[in-house]
Amino acid sequence: MKALVLSGGSGTRLRPFSHSMPKQLIPIANKPVLEHVVENIRELGISEIGIIVGDWGDQIAAVVGDGTRLGVKVTYIQQDQPLGLAHCVSLARPFLADDDFVMYLGDNMLPDGVRSVAEAFRAQRPAAQVVVRKVADPRAFGVAELGPDGVVERLVEKPSQPRSDLAMIGVYFFSPAIHRAVDSITPSARGELEITDAIQWLVEHGETVRASQYHGYWKDTGRVDDVLECNHHILAGLSADVAAPGPGAVDADSTLNGQVRIEAGARVINSRIDGPVVVGQGTVIENCHIGAYTSIGRDCLLSGTRIRDSIVLDGATVTDVPGLQSSLIGRNANVGTGDDGISCHRLVVGDHTRIEVAA
């Protein structure tokens with residue numbers, strides 16, 4: 001079995017960050033979403049992964065590389081225009097050949113994994129197996145209508161009047177039968193080849209399509225609030241056996257409480273950190289109070305600042321800010337205080353942006 005990870009798309013809901021980086025590289029607990037996805041796939045015993053990329057292909061390749069660091073082999077597949085998920089399957093046909101494969105949206109977080117779904121697919125080997133979850137408002141999703149035996153009877157993309165609350169959440173298992181379906185459908189009203197239409201084609205032509213209901217944690221990291229919530233969830237599971245900081249990393253005037261991960265080369269000076277918290281390589285924290293559920297990236301500088309429930313990306317500087325929470329600070333951003341600053345406890349600051357907040 002192979003894997004196909006979809007990492008194109010413009011990520012408009014994550015602006016201003018998606019102006020300067022692909023949404024799949026937003027860090028959750030100091031690890032890009034895409035790395036979390038690749039690790040989930042590797043746990044299924046899959047080592048060959050094709051990644052669909054668009055305009056941000058170079059940035060994605062710079063982080064993931066050929067996959068060796070993550071224990072897999074990666075092939076990049078270019079999609080010049082966002083013409084739909086089924087179009088991605090068509091583009092990847094030379095890579096997929098006639099192998100079974102899992103298709104995984106690259107901005108989805110399912111930290112509990114999908115091993116049981118993969119095992120069911122391998123054992124029963126339907127033409128397709130979709131992962132579904134009950135949602136409050138199915139109108140934004142592809143919706144599955146199931147028979148009593150878990151077989152899919154009908155799929156509808158973004159129905160205005162859903163007849164089911166079971167939404168497809170971005171993980172699909174396919175046999176090679178999906179290629180005939182993709183070749184047989186036409187673009188939807190929005191000009192895309194919809195994977196929902198391709199799976200529905202299988203249903204209408206007598207192929208077996210099954211659904212597995214997912215009960216674990218799931219988050220589409222397409223918005224800032226979703227990213228922060230997901231970061232909170234992952235940090236809450238930070239293991240109790242976090243490695244002790246290296247010599248000189250934490251001075252005698254600092255206090256670490258709870259689960260705190262201090263990565264190599266980071267320094268904590270006269271500060272208090274209440275975990276769960278992760279601090280990236282080369283970062284300096286001085287005269288700060290870092291509250292729970294905060295991730296701080298590499299090579300950051302935080303001085304005289306109180307922050308909690310937030311994410312600070314690589315290279316950012318935050319100076320003398322008295323109380324930040326539920327904030328997302330971009331790469332190489334500079335946040336400080338000034339006479340003309342704005343008063344705000346929640347900030348969303350894009351990459352390479354300078355902003356002053358009221359003291």
Checklist entry - Can a donor-acceptor pair be found between the side chains of Q129 and S212 at a distance below 3.5 Å? => result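 Side-chain D/A pair, Q129 to S212: present.
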Next on the checklist: Using 30° and 60° as the class boundaries, would you call the ring planes of Y293 and H232 parallel, tilted or perpendicular?
Outcome noted: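 Correct class here is parallel.
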Inter-residue atom distance [X].[atom1] - [Y].[atom2], 0.5 Å rounding:
X	Y	atom1	atom2	answer
I290	S295	CD1	OG	11.5 Å
T294	N231	OG1	CG	8.0 Å
I51	Q79	CD1	CD	14.0 Å
S175	D99	OG	CG	11.5 Å
F174	F121	CZ	CZ	9.0 Å
I46	L4	CD1	CG	11.0 Å

Closest non-hydrogen atom pair, [X] against [Y]:
X	Y	result
G142	E157	CA-OE1, 3.6 Å
S160	R139	O-CD, 3.6 Å
P138	S164	CG-O, 3.5 Å
A266	G280	CB-O, 3.4 Å

For [X], does the [atom1] atom have more than 12 heavy-atom neighbours from other residues, nucleotides or ligands under 6.0 Å away?
X	atom1	answer
R133	CZ	yes
R267	CZ	no
D112	CG	yes
D58	CG	no
K73	NZ	no
R180	CZ	no
R122	CZ	yes

Using a strict threshold of under 4.0 Å (side-chain N to carboxylate O), is an ion pair present between [Y] and [X]?
X	Y	result
D225	R223	no
E35	R42	no
R298	E263	no
R210	D149	no
E43	R115	no
D220	K23	no

Heavy-atom check, side chain of [X] versus side chain of [Y], under 4.5 Å:
X	Y	value
T68	L70	no
L110	V171	yes
P22	Q24	yes
V89	M103	yes
I60	V63	no
H179	L96	yes
I262	I273	yes
M109	H233	no

Checklist entry - Okay, side chain of T75, backbone of G50: is any donor-acceptor separation there less than 3.5 Å? => result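 No; zero donor-acceptor contacts below 3.5 Å.
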Item to check | Side-chain donor or acceptor of S254 paired with backbone N/O of R272 under 3.5 Å | outcome: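 Here the side-chain-to-backbone pair does not exist.
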Checklist entry - Rest of the hydrophobic cluster containing I269 (Ile/Leu/Val/Met/Phe/Trp/Tyr, side-chain heavy atoms under 4.5 Å)? => result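 I269 shares its hydrophobic cluster with V284, L301.
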Checklist entry - Among I49, I52, I77, which one satisfies side-chain contact (heavy atoms from CB on, under 4.5 Å) with F95? => result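 So, applying the side-chain contact (heavy atoms from CB on, under 4.5 Å) to F95 and each of I49, I52, I77, only I77 qualifies.
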Next on the checklist: Using the rule side-chain contact (heavy atoms from CB on, under 4.5 Å), only one of N270, D253, T305 pairs with N287; which is it?
Outcome noted: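 The residue from N270, D253, T305 that satisfies side-chain contact (heavy atoms from CB on, under 4.5 Å) with N287 turns out to be N270.
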Next on the checklist: If you apply the rule side chain to side chain contact (heavy atoms under 4.5 Å, CB included), what do you find for R93 with D98, and how did you get there?
Outcome noted: CA-CA 8 Å; R93 181 66 191 275; D98 290 324; 3.3 Å; yes
Checklist entry - If you look only at pairs with a residue in residues 64-90, which of them pass as a ring pair (Phe, Tyr, Trp, His ring centres under 6.0 Å), with sequence neighbours excluded? => result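 Not a single pair qualifies under ring pair (Phe, Tyr, Trp, His ring centres under 6.0 Å).
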Next on the checklist: Is the terminal nitrogen or CZ of K158 (NZ for Lys, CZ for Arg) located under 6.0 angstrom from the six-membered ring centre of F141 and within 45° of that ring's axis?
Outcome noted: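 No, K158 and F141 do not form such a contact.
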Next on the checklist: As a quick check of understanding, evaluate side chain to side chain contact (heavy atoms under 4.5 Å, CB included) for V114 and F173, giving each step before the final call.
Outcome noted: CA-CA 11 Å; V114 291; F173 290 84; 4.3 Å; yes
